[in-house]
Amino acid sequence: MKIIVDDKIPYIRETLGEISPDVTYLKGADISAGDVEDADALIVRTRTYCDEKLLQGSKVQFVATATIGYDHIDTEYMQKAGISWMNCPGCNSGSVAQYLRSTLILLCREKGISPEKDIVGVVGYGHVGSKVVAEARAMGFKVLVCDPPLGDGGSTAEHFVDMRQIERECSVITFHVPLTKGGNHPTFHLADEAFFGRLAKCPVIINTSRGGVVDNVALLAALDKGMVKDAVIDTWEGEPDISLALLNKVYIGTPHIAGYSADGKTNADNMVIEGLCRHFGIENRWHILPPSLPDDFKAGDSEDDTKLALYNPLEDSRRLKNAPEKFEELRGNYPLRREKL
């Protein structure tokens, strides 16, 4: 069995080497039709667009993306071509929730946000959004949740409000939705010029979902006009060639790494290995664990200090703002980050 793998997927090489002697690691953005023509399986991240152009005429019968999102996979073509595919729903939800918790701590310490007076609006109540809601409530925030698809389905797990209420009442608005352009509730440019024009509280905008969910040009204009107080952006339109004007304007700007904890990455690895073994009829006897924190790691004096010691997004923001041309390098060579002690 020949397997082609994005070379920036960590912790998985030893296990794949035990599953097959024929594994090739390539830069995700450079994987070509020639690379996969005689491959049986393809394991990617978001930088490899899996469509007819890449896969037509190949032997590939299984594609896995070690990510929650799958807008880089042409699912209609996969079905037509009879290629099995999988993503890893929820794999890095804890990591993104950690990013949001640390961000909220920083907003309270440095930007005047307070659980006593401010309301957090969470748009999207899936694997990630539900954990973000729990983190914000644990900090004492009142939280409003908007998720029209779940609302249409009659979900009773959470009381949902509409976007207009989020726009009227929230001082922090954070997006946790997939990127969609069709259907009843498209999310492409969900936060557009009209959205920013309706905001009542001059809120902080946070996007860790997909770049296209927030219109970056409209966000920059809203920041310039004082319609938005601050922004925290992890996912950008045009990655890796992001807007430098927007990067320089936001409070925190990171290179699409909110979900990049070692815990989230090993969750994805294990889901991919399970799917690969299931598809090819291999007994799965492997379980990948994340590396431990270094021996010299020091917890903080308070719970919040420890959470920031585990992860402070300002450090990633500083690295990106100092060298925005290294967007992909910063993602591909991301340092060890754990969600817990």
Side-chain angles (χ1 to χ4, degrees), residues 68-69 88-147 150 155 157-161 165-166 169-178 201 203-210 213-214 229-235 251-252 254 256-265 267-268 290 293 299-317 337-341:
I68 291 178
C88 298
C91 65
N92 62 359
S93 56
S95 180
V96 181
Q98 178 191 41
Y99 182 103
L100 262 293
R101 176 67 181 247
S102 292
T103 294
L104 288 172
I105 292 169
L106 291 168
L107 290 174
C108 290
R109 291 184 175 185
E110 298 187 358
K111 294 295 180 177
I113 297 297
S114 166
E116 290 73 32
K117 65 181 179 61
D118 292 309
I119 299 174
V120 174
V122 177
V123 184
Y125 192 70
H127 292 287
V128 175
S130 58
K131 289 186 178 180
V132 171
V133 169
E135 290 285 2
R137 285 179 175 155
M139 292 181 69
F141 282 101
K142 177 181 178 181
V143 181
L144 298 180
V145 185
C146 177
D147 195 315
L150 283 181
S155 172
E158 176 69 38
H159 173 70
F160 298 120
V161 303
Q165 188 171 348
I166 296 282
E169 299 184 22
C170 294
S171 301
V172 178
I173 302 175
T174 180
F175 293 91
H176 303 284
V177 296
K201 296 285 188 179
V204 176
I205 299 296
I206 304 174
N207 186 24
T208 59
S209 57
R210 284 292 182 263
V213 170
V214 174
K229 179 177 181 177
D230 276 302
V232 175
I233 304 298
D234 181 61
T235 52
Y251 170 47
I252 295 174
T254 52
H256 201 154
I257 47 72
Y260 267 35
S261 71
D263 307 71
K265 288 176 179 292
N267 288 340
L293 285 165
D301 294 330
S302 67
E303 181 182 359
D304 282 353
D305 287 339
T306 295
K307 289 185 180 299
L308 288 178
L310 282 167
Y311 179 61
N312 188 331
L314 283 174
E315 295 173 2
D316 282 326
S317 183
R337 168 180 151 206
R338 292 298 311 272
E339 295 173 22
K340 54 190 176 183
L341 297 176

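No hydrogens, no waters, no symmetry mates; every other heavy atom, side chains included, goes into these values.
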Is the shortest heavy-atom distance from the side chain of [X] to the side chain of [Y] under 4.5 Å?
{"X": "D263", "Y": "R338", "answer": "yes"}
{"X": "F141", "Y": "V122", "answer": "no"}
{"X": "I113", "Y": "L104", "answer": "no"}
{"X": "L310", "Y": "Q98", "answer": "yes"}
{"X": "V232", "Y": "P313", "answer": "no"}
{"X": "E339", "Y": "S95", "answer": "yes"}

Where do [X] and [Y] come nearest, in terms of heavy atoms and distance?
{"X": "P178", "Y": "V213", "result": "O-CG2, 4.3 Å"}
{"X": "T235", "Y": "I233", "result": "O-CG2, 3.2 Å"}
{"X": "H176", "Y": "V128", "result": "ND1-CG1, 3.5 Å"}
{"X": "S302", "Y": "R109", "result": "OG-NH2, 4.2 Å"}
{"X": "I173", "Y": "P203", "result": "CD1-CG, 4.1 Å"}
{"X": "S93", "Y": "I68", "result": "N-CD1, 4.3 Å"}

Which residue pairs satisfy the salt bridge (charged side-chain N to carboxylate O under 4.0 Å, His left out) criterion with at least one member in residues 127-144, sequence neighbours excluded? R101-E135, R137-E158

Test side chain to side chain donor-acceptor pair (under 3.5 Å) applied to [X] - qualifying residues, sequence neighbours left out:
{"X": "T103", "result": "none"}
{"X": "S114", "result": "E116"}
{"X": "D118", "result": "S171"}

Nearest 0.5 Å, please: how far is CG in L100 from CD1 in I105? 11.0 Å

Separation between NZ (K201) and CD1 (I166), nearest 0.5 Å, reads 13.0 Å

Report the C-alpha separation of N92 and H127 in whole Å, then their side-chain angles, then the decisive distance to 0.1 Å, and conclude whether the side-chain contact (heavy atoms from CB on, under 4.5 Å) test is met. CA-CA 9 Å; N92 62 359; H127 292 287; over 6 Å; no

Taking D305 for its side chain and L308 for its backbone only, find out whether a donor-acceptor pair lies under 3.5 Å. no

Does any N or O in the side chain of K229 come within less than 3.5 Å of the main-chain N or O of K111, such that one atom is a donor and the other an acceptor? yes

Residues at least two apart in sequence or cross-chain that pass side chain to side chain contact (heavy atoms under 4.5 Å, CB included) with E110, listed by chain then number, are L106, Y251, L314

side-chain hydrogen bond (donor to acceptor under 3.5 Å, both in side chains) partner of D316, the single match among Y99, Y260, Y311: Y311

Residues in salt bridge (Lys or Arg N to Asp or Glu O under 4.0 Å) contact with R337, at least two apart in sequence or another chain: none

